[in-house]
Amino acid sequence: MTFLFSYSLRNSYSIKVKFSNFAEYEGSSLSTFPFYIFLPPQLMLRRPRRNRKSPVIRALAEENTLSVNDLIFPLFLTAGEKKKVEIGSMPGIYRFSLDQMLEEIHSCMELGIKTFDVFPHIPDDLKDSYAKESYNPDGLYLKAIRTIKEQLPEACIMTDVAMDPYSSDGHDGLVKNGEILNDETLEILGKMALAQAQAGADILGPSDMMDGRVGYLRELLDEKGFTNVSIMSYTAKYASAFYVPFRDALDSAPKFGDKKTYQMNPANSREALIEAELDYQEGADFLMVKPALAYLDIIKLLNQNFDIPIAAYNVSGEYAMIKASAQRGWVDGERAMLECLMSMKRAGAKIILTYFAKEFALLSRK
Ligand code: PBG
């Protein structure tokens, strides 16, 4: 029995074993093995660690980057003056009265954040089943949008189009006999959207998940001369457990039932393609996936199938998870934040709506 060693082209060794006759082969333990035995690579031409050897090389090899240019900062608006009230389940995030919100927007703009998604906290006595307060031109929200655009015209303002903050039922649509009505809701959303566009909103964010709302809003806006107002559609918005801190912030939790007849089933991804196709056809400028972390595959799916920018909403519960564990010292909050935001970029989100926006901007200043 002789051993013949040889190198293969693909940088592994092979050994050939030669027997003088068949009986010798059969008698040896090698008879149970294939004739050629491949050993693990010994000669490594390709060493991926070389691209990780120093901060400079790592930066050169970096495939994705985070930038304040891609962030949208959600802000909570409340009535009154000089109010800045922290939300219990969202440390570092506040409900601002308008004067304080103007200051906040101003300081964020100095840090490079340019887009803000404003959500209103409406007192219970102004809520009704038709969400009429949502298009009251003298109401808290529309007045605030006008003032922000007057005083800080450079700020890009995104608004929320859905009934829940103004609805006595706490649902995103009109409720009749325990059912969420689709087409009747569109009319209300239309009035709300138009009022927001008139107040100066740059981007409208329909977050309600009614069928046909993007097309309905787009046609209405165009008809009224608002062809330049953008629509960032909540395209794949899932019925998620991660919205609870947001509903605390706005006191907007549903008064009965859940949102499963309009928000998507977390088990589904093909359905996201149907929603995306409709929103695209109906004229959406951006497609949003929400939440982000548990739905990175959906972000990737939409990014691979549609050529308009994809946004990810890094929602309140995702923020709360990191904050809560960081407060206990269980994770390094800063690193966890960066890693999560990067995962959304890597999945294919061009834009990230995140409560971490200011913290990230402050960090990247350092
Ligand atoms: C409702 C709306 C929700 C969020 C944004 N718009 C909550 C919901 O659908 O109940 C959640 C955002 C977050 O959790 O950060 N139209």
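Atoms within a ligand are numbered from 1 in the order they appear, just like the ligands themselves. The basis for the numbers below is simple: all heavy atoms, side chains too, and nothing from hydrogens, waters or symmetry mates.
Using bins of under 30°, 30° to 60° and over 60° for the plane-to-plane angle, the ring pair Y295/Y238 lands in the parallel bin.
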Exercise. Given the rule in the side-chain contact (heavy atoms from CB on, under 4.5 Å) test, do F116 and C108 qualify, once you have shown the distances and angles that lead to the verdict?
Worked result: CA-CA 9 Å; F116 304 87; C108 287; 3.5 Å; yes
For this session: List the steps and the verdict of side-chain contact (heavy atoms from CB on, under 4.5 Å) for F76 and H121.
Result: CA-CA 7 Å; F76 299 120; H121 171 245; 5.9 Å; no
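Ligand 1 places these atoms under 4.0 Å from at least one heavy atom of D172: 1 (C), 16 (N). Ligand-side atoms of ligand 1 in range of Y313: 12 (C), 15 (O), range being under 4.0 angstrom from any heavy atom. Every atom of ligand 1 with a heavy atom of Y355 under 4.0 Å away is listed here by number and element: 12 (C), 13 (C), 15 (O). Listed by number with element, the atoms of ligand 1 under 4.0 Å from a non-hydrogen atom of D164 are 1 (C), 2 (C), 16 (N). Each of the atoms 14 (O) of ligand 1 lies under 4.0 Å from some heavy atom of F242. Residue contact check: A162 has heavy atoms under 4.0 Å from atoms 16 (N) of ligand 1. Near Q263, the atoms of ligand 1 lying under 4.0 angstrom from a non-hydrogen atom of the residue are 8 (C), 9 (O). Near K237, meaning under 4.0 Å from any of its heavy atoms, are these atoms of ligand 1: 1 (C), 2 (C), 3 (C), 6 (N), 8 (C), 9 (O), 16 (N).
Taken together through direct or relayed side-chain contacts under 4.5 Å among Ile, Leu, Val, Met, Phe, Trp and Tyr, I308 and L204 form part of one hydrophobic cluster.
Residue, atom and distance of the protein heavy atom nearest to atom 16 (N) of ligand 1 are S207 OG, 2.7 Å.
No part of Y319 comes within 4.0 Å of ligand 1, judged by heavy-atom distances. Both the backbone and the side chain of S316 come within contact range of ligand 1, each with a heavy atom under 4.0 Å.
Salt-bridge annotation for E359 and K323: present, with a side-chain N of the basic residue lying under 4.0 Å from a carboxylate O of the acidic one.
Geometrically, K84 engages Y94 in a cation-pi contact, judged by NZ or CZ lying under 6.0 Å from the ring centre and within 45° of the ring axis. Cation-pi geometry between K237 and Y243 is met: the NZ or CZ atom falls under 6.0 Å from the ring centre, inside 45° of the normal.
The closest approach between any non-hydrogen atom of D208 and ligand 1 is not below 4.0 Å.
Residue-to-ligand polar distances keep Y234 apart from ligand 1: every N/O pair is separated by 3.5 Å or more.
The local environment of CD in E86 is crowded, with over 12 non-hydrogen atoms from other residues, nucleotides or ligands closer than 6.0 Å.
When the heavy-atom distances from atom 4 (C) of ligand 1 to M90, K290, E318, K259 are ranked, the shortest goes to K290.
Among all heavy-atom pairs drawn from D172 and Y262, the shortest one is N-OH, 3.2 Å.
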